[in-house]
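Accompanying notes for the structure given below.
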2 protein chains.
Amino acid sequence: MTNTGGRKPDEGERYRAILETAARLICDRGYEGTSMQEIAAACRMTKAGLYHHIQNKEQLLFAIMNYGMDLFEEQVLSRVQDIANPVERLRACMRHNILLVTRGWSKEVIIILHEHATLTGEARAFIDARKKKYVDFLEEAYGQASQQGLIRPVDPTVGAFAFLGMVLWIYKWFKPDGRLTDEQIADGMVDMLFPPLTAADTAGLPGSAALRMVPRTAAATATGTDSEDA
Amino acid sequence: MTNTGGRKPDEGERYRAILETAARLICDRGYEGTSMQEIAAACRMTKAGLYHHIQNKEQLLFAIMNYGMDLFEEQVLSRVQDIANPVERLRACMRHNILLVTRGWSKEVIIILHEHATLTGEARAFIDARKKKYVDFLEEAYGQASQQGLIRPVDPTVGAFAFLGMVLWIYKWFKPDGRLTDEQIADGMVDMLFPPLTAADTAGLPGSAALRMVPRTAAATATGTDSEDA
DNA sequence: CACGACCTACCGACCGGTAGGTAGCAGTGT
DNA sequence: ACACTGCTACCTACCGGTCGGTAGGTCGTG
C-alpha cells in the first residue's frame, strides 16, 4: 500500500515477483542462510541480473518486510479497525491475524516475524515503527475493553503482547496438515482471551460480570511499555 | 544434566565456557551470521584451536541447545512438576519460564527459541523431542485443569501453545530497562490465563464459578496436535 | 540510436574446515 | 637426575569454495 521499498513506483509486477520469490527462499533458509546466487537462480536470472533490480541484500530484505507490512495492514488491520466494540475488534483481529500466519500466502509476513533483529539502522527503525502502530492499536483496544468492563482488567501493554505472542508464535509450530485446523486454533484462542458474555452477565446477576473485573492484587497501575517490536 | 553434547563427560568447565561464549555471539548475530573465526576469537583462541574442542559448527549449535534444554529443565520444569493442583502448576511454570526468558542468564535458551528451524536431521529431531516433553507436560496440566473445572475448558493443545506463545514471544520484545518489570509481566500474564478464584467462587454463588466453565459453542472435542516445536 | 534488461567474467574478502607442527606437562624406566 | 614417551592444548598456514557486489558488454525493443 505504502510503497516504501524506495524504488520507482511503476516498475511493478516483475519487481514484486522478485520480492515474492526471494521471500520464499529467505523464509525457508533464513536471511543469512540464503545467498544472492540462490535468489537470482530462483528468479531465473544471474546474480548481476538480479542486482539490476535491487540495490543490495539488506535493501531487498527491507523491501520484503515493507511488502509484508502492506499485506498485513490490508488483510488484518484495515478490516477490523472500524469495529466499535473493543472486544469484538480484538476478536476479529485475532482471527484475521491467525489465519494470515497459518495460511502460507505471505512468506513476507513470516520473515517479519522471524528476522526481527536482522535489519539495522534506519531500515530497522522504519519497520519497527510500522510494527509499533499495531501494538498501539492493540493497546488502545485493550484499554477501552478494560475500562468498559468487557474483559478482566489488564495492563494494556501486557495484554497486547500476550495477544501477539499467542498469535504470532504460531508460525513456529503450525503445520497445515496437523490435526488441528487453523479455524479451530483461532476459535480456541479467541475463546481463551475473550470469552463470550453469558446470559448471567447480560442480566447483571451478582458475582458474574464483576468476576472478570476483580482488580489485581497489586501493581494495577503499571502502564509502561517496553514496546518496539511485535 | 543429560550431557547429550556427544563429548567425553569430564572435559568440563573449559568446554562449557566455550558453549557460553559461542551462545552469546550466536544469540546476538544469529547462527548463520556468526563465523567460527569470531567464536574462536571470543574464546581467545584461533579457529583451529576451537576445532580441537568441537567437531563442527552444527554440532556446536546442537551442544548449545542441549545445554539450554538442561538449564530450562533445571530452572523451570523440575521446580514445578510436582505441584499437585494443575492450575497452580501452570501458574508457577509460567512465572519461572517468563523469568528464564527475561533475565539474560541463559543465551542458550534464547537460541533454542530463535533458531527453531536451523538444525537438521537427527540433531533437529533430538531437540524437538526434548521440546515436545514440555508441550506434553503443559497439555496434561491443561487437560486436568479443564476436567476439574478449574479453568474455562480449552483444547489442551491450543492451551499449551497459547501459553507458550505468550511466554516465549517475550524474547522478541522485552528490554530489561523498559517501563514494565519482568515480574509485572509475569503477574499480568498469569492473571490473564489463570485468574484467581474469588470468594464468590469458593462460596458457590450462582453464575460465578460456572462463568468460566461455559462450554464452547462448537468444536469442543478437537484434541489433535500439530506439536513438534515449542 | 537510446535505453532498459540482462549477461559474462571477475573482484577481494571471507567461509567452514584441516594438515601438520609445537610447547608444556605427567608419568616412567634407568 | 634425566632423558624419553605420550598426551592435551593449542598454533601457523593453508585448502577449495562461496560470499556480496560490480565493471562492462550484448541484445531486443521503441
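Just so you know, these numbers come straight off a predicted model, no measurement behind them. Residue numbers start from 1 in every chain, and the chains themselves are labelled A, B, ... in the order their sequence lines are given, proteins ahead of strands. The figures that follow rest on heavy atoms only: side chains count, while hydrogens, waters and symmetry mates do not.
The nearest heavy atom of DNA chain D to B/Lys47 and to A/Glu58 marks one nucleotide each, and the one closer to the 5' end goes with B/Lys47. Where A/Asn56 and B/Gly49 meet DNA chain D, the nucleotide closest to each residue was compared, and B/Gly49 sits on the side nearer the 5' end.
Across residues 30-38 of chain B, not one residue has a non-hydrogen atom less than 4.0 Å from an atom of DNA chain D.
The side chain of A/His53 contributes no N or O atom lying less than 4.0 Å from OP1 or OP2 of C/dG4. Between A/Thr46 and the phosphate of C/dC6, there is no side-chain N or O to OP1/OP2 separation shorter than 4.0 Å. Distances shorter than 4.0 Å separate some side-chain N or O of A/Tyr51 from OP1 or OP2 on D/dG21. Proximity of B/Arg14 to the phosphate of D/dT8: no side-chain N or O atom is located under 4.0 Å from OP1 or OP2.
Looking at B/Thr34 and A/Glu32, their side chains never bring a donor and an acceptor atom within 3.5 Å of each other. A donor-acceptor contact closer than 3.5 angstrom links the side chains of A/His114 and A/Tyr171. A donor-acceptor contact closer than 3.5 angstrom is absent between the side chains of A/Ser78 and A/Glu73.
Side-chain proximity of A/His52 to the nucleotides D/dA13, C/dG4, C/dG17 is greatest for C/dG4. Comparing atom distances between the A/Ala48 side chain and each of C/dA19, D/dG21, D/dA23 picks out D/dA23 as nearest. In this structure, the nucleotide among C/dG16, C/dC7, D/dA13 sitting nearest to the side chain of B/Lys57 is C/dG16.
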Could you write out each protein N or O paired with an N or O of nucleotides 25-30 of chain D at a distance under 3.5 Å?
none

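Aromatic pair A/Phe174/B/Phe161: ring centres not closer than 6.0 Å.
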